[in-house]
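Hydrogens, waters and symmetry mates play no part in the numbers below; they use all other heavy atoms, side chains included. Lettering of chains follows the sequences in order, A, B, ..., and the numbering in each one begins at 1.
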Amino acid sequence: MMSDLSSAAARARELRRQIEHHNYRYYVLDDPEISDAEYDRLMQELKALETQFPELITPDSPTQRVGAAPVSGLEEVVHKVPMLSLDNAFTDEDVIAFDRRVRERLETDADIEYAAEPKIDGVAVSLRYEKGRLVLAATRGDGLRGENVTHNVRTIKAVPIELRGKAPEVLEVRGEVFMPIAGFKALNERALARGERTFANPRNAAAGSLRQLDPRLAATRPFDVFFYGLGEVQGWTVPPRHSDALEQLREWGLKISPLVRVVMGAQGCLEYYREIAARRESLPYEIDGVVYKVNRFVLQRELGYVARAPRWAIAHKFPAHEEHTIVRDVEFQVGRTGALTPVARLEPVFVGGVTVSNATLHNMDEVRRKDIRIGDTVVVRRAGDVIPEVVKVILDRRPPNARIVELPAHCPVCGADVEREEGEAIARCTGGLFCPAQRKESLRHFASRRALDIDGLGTKIIDQLVDRGLVRNPADLYALTVEQLASLERMGEKSAAKLVAALERSKNTTLPRFLYALGIRDVGEATAAALAEHFGTLEALEEATIEQIQETPDVGPVVAAHVRHFFDQVHNREVIRALRAHGVRWPDMQRRSAAQEGPLSGKTFVLTGTLDSMSRDEASKRIVALGGKVSSSVSKKTSYVIVGADPGSKLKKAQELGVEILDEAAFLALLKSAAPRG
DNA sequence: GATCCTCGAGTTCT
DNA sequence: CTCGAGGATC
């Protein structure tokens, strides 16, 4: 019998050693030596011992994975070495171009050695081991700061609490925590049986579960993990190749994807891609592409980084998921300008992780081009990122009673005539502001963030205000009382008072914002700013002739006519007068002699991705303040593209055109060096 | 008259 | 973000 403490301690040590060994065989190598029942017996024996002698319990005992108490909130963790994001490739050509860039930078014609691996659709994490012990686990977050999820990661059986063999002083490893498809399905079935919320896809399930506060809940979730990279390292001479480093991680007990392969050149990458794509459906977890990394660390270092993405790696994404569904109906939405947009109402379908039930068809030309009819079975995909798109009709499945989509002769909202100008793709309702849809959309535009920025005036509220006849034009908003607002649905005294305060705040504005808020056709933010700057005052613009308006930079005959027409309408002049009577005001424009001179004069900037230290708006302001120009699309004339986290297609465009790319740090440095003050 | 550069407008789901 | 179209330029 184990009544003696010292022999019990020895036995406990032995059991722990065995259990850790079998965990490694089972979870990391996927090659168990003993049956589940035998494993359970070892675990039970250890638990019994620890119950009998609680002083034997150590924090890293296999029985203590779920030892931590629930946390009250997730604390922030700063990554010592930032967690990178990857550039994306969607076509073979993208991959070939990537390989060419790599070889050009390295000035070599020889085939580059790449480490290739599947890109798992999960949650990126960073784990820190000190003296071989797991001390910290954090999510990727924005790459610089993540959240502390140590309490949950400890419960993942595939994650060693202690590394095997002789581990370095400090080892940070990066990997992907994910949920295998089978485990995800079982989890959802359990949730469904209990009437709880289900997860839309394994990725969401993994992300949600990992951020649980209570580790006991997380412990019931079927997580798995693969490691693929390094963060901070101390006390280990990292081998010369990425693939060798992974091999060493595996020996320390860290799980590495069995599909990691070393390939040669772009051709090797593409062959690997096809091989993995063919096996995609049979893998027990979801992947959304493959990743290629230059294998030799010296070369990685030589290539360096652009913004937060390494030049030595790229993610080759699989094509967007496509699904079949049925077009139940096609309805026409009326926009602010009266534009009638056909929208397909779809039989709800899961595509790429979310349920899609609507998809825009843009205009009638598009409907005809794709020959979409009501009742058709269509292929739907989520284009690149988010927006659902009807790709094509499956003609074989067209029912005999499929209905052709007709442009309505009258506006579905107000009944006014619908007109389509010769040569224009868009049909419009002629009801103008008599059309409730146009009125509502105009009000929404007026209140939007970039216009007068009226916080709390959302769609629901506007709908009610217009439907009840309380508001007919923007000026009416400023006559609303707290009592009137509080009588609306989903609106209490408190929110009503808040909205009135927001309205009050919005009265202090600027001329460009005000002009933009008016919603004159073809006058967006840039044109509104140009007009404001050219004329200086609203009065000057109101009195200007078409010819004078055309003298504004970037304003031609079409836009000038729209502006003149807008101010010719008695109704519009009255609304403006009423707005000013309610106290809407703006400071005089300081008329700038030509473009304001500054250190950045003559430079054109384009922003993409999210910046850490400031919003994109603020970045634009600072560029303009220094005399630079901010544009929305990249061309040969662009001086710099500023790249933040998760950049869009503009980064690719910039690379193609050879436009200089600045990451956030370089951008801040530029601002600093250009700033007049010290 | 053709081409390139920009801007404006509309859109989905959580 | 993407598409369509207005404006500028050659």
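In this structure, of B:dC5, C:dA8, B:dC13, it is B:dC5 that holds the atom nearest to the side chain of A:K636. Minimum atom distance to the side chain of A:T527 is reached by B:dC7, of the listed B:dT12, B:dC7, B:dC13. Side-chain proximity of A:Q333 to B:dG10, B:dT11, C:dG6: nearest is B:dT11. Counting only heavy atoms from C-beta on, A:A526 has its side chain closest to B:dC7 among B:dC7, C:dG4, B:dT12. Residue A:D522 places its side chain closer to B:dA9 than to any other of B:dG10, C:dG7, B:dA9.
Of the residues listed (A:V391, A:L346, A:V327), the one engaging A:V380 in a side-chain contact (heavy atoms from CB on, under 4.5 Å) is A:L346, and it is the only one.
In this entry the distance linking OH of A:Y516 with C1' of B:dA9 reads 9 Å, nearest Å. Put simply, CD on A:E551 is 16 Å from C1' on C:dA8, counting in whole angstrom units. For the pair A:L340 CG and C:dG4 C1', the interatomic distance rounds to 17 Å; values are reported in whole Å. When the C1' atom of B:dT11 is taken as reference, atom CD of A:E441 falls 11 Å away, rounded to whole Å. We find that CZ of A:R203 is positioned 12 Å from C1' of B:dT14, with the value rounded to whole Å. Between A:H562 atom NE2 and B:dC7 atom P the separation is 18 Å, expressed in whole Å. Between A:H362 atom NE2 and B:dA9 atom C1' the separation is 11 Å, expressed in whole Å. When the C1' atom of B:dA9 is taken as reference, atom CZ of A:F446 falls 19 Å away, rounded to whole Å.
The phosphate of B:dC7 has OP1 or OP2 within less than 4.0 Å of a side-chain N or O from A:S631. At the phosphate of B:dC13, OP1 or OP2 sits under 4.0 Å from a side-chain N or O atom of A:N358. Phosphate contact (OP1/OP2 of B:dC7, side-chain N/O of A:S633, threshold under 4.0 Å): absent. Phosphate proximity of B:dG10 to A:T337: present, with a side-chain N or O under 4.0 Å from OP1 or OP2. Proximity of A:R336 to the phosphate of B:dA9: a side-chain N or O atom is located under 4.0 Å from OP1 or OP2.
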Working note: A:Q569 + A:H565, criterion side chain to side chain donor-acceptor pair (under 3.5 Å); need CA distance, chi angles, decisive distance, verdict. CA-CA 7 Å; A:Q569 314 256 137; A:H565 179 70; 3.0 Å; yes
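Side-chain N or O atoms of A:Q548 include one that pairs as donor or acceptor with a backbone N or O of A:T545 at under 3.5 Å.
Using a cut-off of 4.0 Å between Lys/Arg side-chain N and Asp/Glu carboxylate O, A:E286 and A:R203 are scored as not salt-bridged.
A centroid separation of 6.0 Å or more is found between the aromatic rings of A:F98 and A:H316.
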